[in-house]
Amino acid sequence: MRREFVRRAWLSLLLVFVLCASTARADDEAPRAFRFDARLEGTLAGVGAAAFIGAELLKPVLAPKHCRLCGNNPLDLSVRKRARWDNVVRAQRTAHALLFGVVPVVSVGGLMALSVGQASRHDTMVDAMVMFESFLLTANVTLLAKFSTARRRPFVKAGSEAQRDVLTGPQEDNISFFSGHTSTTFALAVAAGATASFRGYKYANVVWGVGVPLAALTGYLSIAADRHYFTDVLTGALVGSAIGVLIPWLHRHGADDRMPTVSAAPGTIMFSWVR
């Protein structure tokens, strides 16, 4: 039954890809410019990456030992009962594969591949940076929410701590809200789609049509793995989507028809805008 669901999910994604490709824009206009400050954004990205890596390394210390949100609601209980797989490990491994492999390749790699012929090397580099910034901001916001709310995970609430050895350590028991797998995959998928749309890439609808369903599948698998409740996943999807739109929009906002030039200095590369 579960294998049949996954098979149908992949077939549905293939159908979406075909439909989106068949309705793609056919023009070859140059992409619209994005505002980009390499020094400022490189610094912010470095700080964000350091904060995320530091929080992950210190998770045994920072993660709450006891839950603050220990209860649940009828909606979460109802969805958990219907969506939870018997083989939770398989569901979790599939979610990992989507987060760490499929979604980045489809979103980031797909955006780069589909912009070939329209985007310059500079545009491609900026697009990659926009994706990276969207991921980092989402990941840090997610960790802050997890540590602050201290919601108990479903499998712990159900008294199934035996899953802990297979899935994670005890430091993960009380950081259910909200789903990091869901928020970050939605951030990547939506940032790729928004970047493609704001840029005016002709295959923007393909990026949207494939990336977002994959992110939604990741969210479903987080519930199937008994790692998150429905409200954890829904919140993660909303937060990741909001940041995925916000970061490209901030780069687009105020951008005009000026073209970027690159100037090299010892040890640095500076980007400036000229008419």
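When a residue number appears, it is its place in the shown sequence, counting from 1. Source: prediction; values computed, not measured.
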Report all side-chain donor-acceptor pairs from residues 52-60 shorter than 3.5 Å, counting only partners two or more places apart or in another chain.
unit_1	atom_1	unit_2	atom_2	d
Glu56	OE1	Lys59	NZ	3.2
Lys59	NZ	Glu172	OE2	2.9

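- With hydrophobic clusters built from ILVMFWY side chains whose heavy atoms lie under 4.5 angstrom apart, Leu238 does not share a cluster with Leu143.
- Looking at His228, His96, Arg227 one by one, the single match for side-chain hydrogen bond (donor to acceptor under 3.5 Å, both in side chains) with His181 turns out to be His96.
- Between Ile175 and Arg153 there is a side-chain heavy-atom pair separated by less than 4.5 Å.
- Between Met131 and Leu188, some side-chain heavy-atom pair lies under the 4.5 Å cut-off.
- Once rounded to the nearest 0.5 Å, the distance linking CD of Glu41 with CE of Met129 reads 6.0 Å.
- Judged purely by atom type and a 3.5 angstrom limit, Arg68 uses its side chain to pair as donor or acceptor with the backbone of Ser148.
- Although no hydrogens or angles enter the test, the distance criterion places no donor-acceptor pair under 3.5 Å between the side chain of Thr235 and the main chain of Asp232.
- The backbone N or O of Thr195 lies less than 3.5 Å from no partner atom in the side chain of Asp127, so there is not a single donor-acceptor pair.
- Nearest heavy atoms, Thr182 versus Ala237: CG2-N, 3.7 Å.
- To the nearest 0.5 Å, atom CG of residue Leu234 and atom CD1 of residue Ile223 are 9.0 Å apart.
- Note that the CG atom of Asn72 and the OG atom of Ser78 stand 11.5 Å from one another [nearest 0.5 Å].
- Between Ser197 and Pro248 there is no side-chain heavy-atom pair separated by less than 4.5 Å.
- Taking Phe147 as the reference, nothing meets the ring pair (Phe, Tyr, Trp, His ring centres under 6.0 Å) condition, with sequence neighbours excluded.
- Phe155 contributes atom CZ, which lies 10.5 Å from atom CZ of Arg80 (distance to the nearest 0.5 angstrom).
- Atoms SG and CG, from Cys67 and Asp173 in turn, are 10.0 Å apart once rounded to the nearest 0.5 Å.
- Looking at Thr184 and Leu99, their side chains come closer than 4.5 Å, going by heavy atoms from C-beta outward.
- Phe230 and Leu217 sit in two unconnected hydrophobic clusters of ILVMFWY residues. Membership requires side-chain heavy atoms under 4.5 Å apart, directly or through other members.
- Residue Tyr229 shares its hydrophobic cluster (ILVMFWY side chains chained together at separations under 4.5 Å) with no other residue.
- One N or O on the side chain of Arg199 and one on the backbone of Arg32 form a donor-acceptor pair closer than 3.5 Å.
- Summarising the geometry, atom CZ belonging to Phe34 is positioned 9.0 Å from atom CG belonging to Asp123; distances are rounded to the nearest 0.5 Å.
- Within the 4.5 Å cutoff, side-chain heavy atoms of Ile243 are placed close to those of Val239.
- Put simply, Leu62 and Leu144 are part of two different groups of oily side chains (I, L, V, M, F, W, Y) that touch within less than 4.5 Å, one to the next.
- For Thr138 (side chain) and Ala187 (main-chain N/O), no donor-acceptor pair under 3.5 Å exists by modelled atom type.
- Criterion: ILVMFWY side-chain heavy atoms under 4.5 Å apart, direct or through other members. Under it, Val79 and Phe177 are not part of a common hydrophobic cluster.
- For the pair Ser179 and Ser222, the tightest heavy-atom approach, listed with the atom from each and the gap, is OG-OG, 3.8 Å.
- The shortest distance between side-chain heavy atoms of Val108 and Phe135 does not fall below 4.5 Å.
- Ser176 pairs in a side-chain contact (heavy atoms from CB on, under 4.5 Å) with only one of the listed residues (Arg152, Arg151, Lys146), which is Arg151.
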| task | Starting from the C-alpha separation in whole Å, work towards a yes-or-no answer on side chain to side chain contact (heavy atoms under 4.5 Å, CB included) for Trp85 and Leu221. | result | CA-CA 9 Å; Trp85 287 14; Leu221 289 168; 3.8 Å; yes

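- In terms of heavy atoms, Val207 sits closest to Gly193 at CG1-N, 3.6 Å.
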| Thr185 and Leu214: CA distance, side-chain angles, deciding distance, side chain to side chain contact (heavy atoms under 4.5 Å, CB included) verdict | CA-CA 8 Å; Thr185 51; Leu214 283 172; over 6 Å; no

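- By the 4.5 Å heavy-atom criterion applied to side chains, Phe178 and Val233 are not counted as neighbours.
- Between Val88 and Ala224, the closest heavy-atom pair is CG1-O, 3.8 Å.
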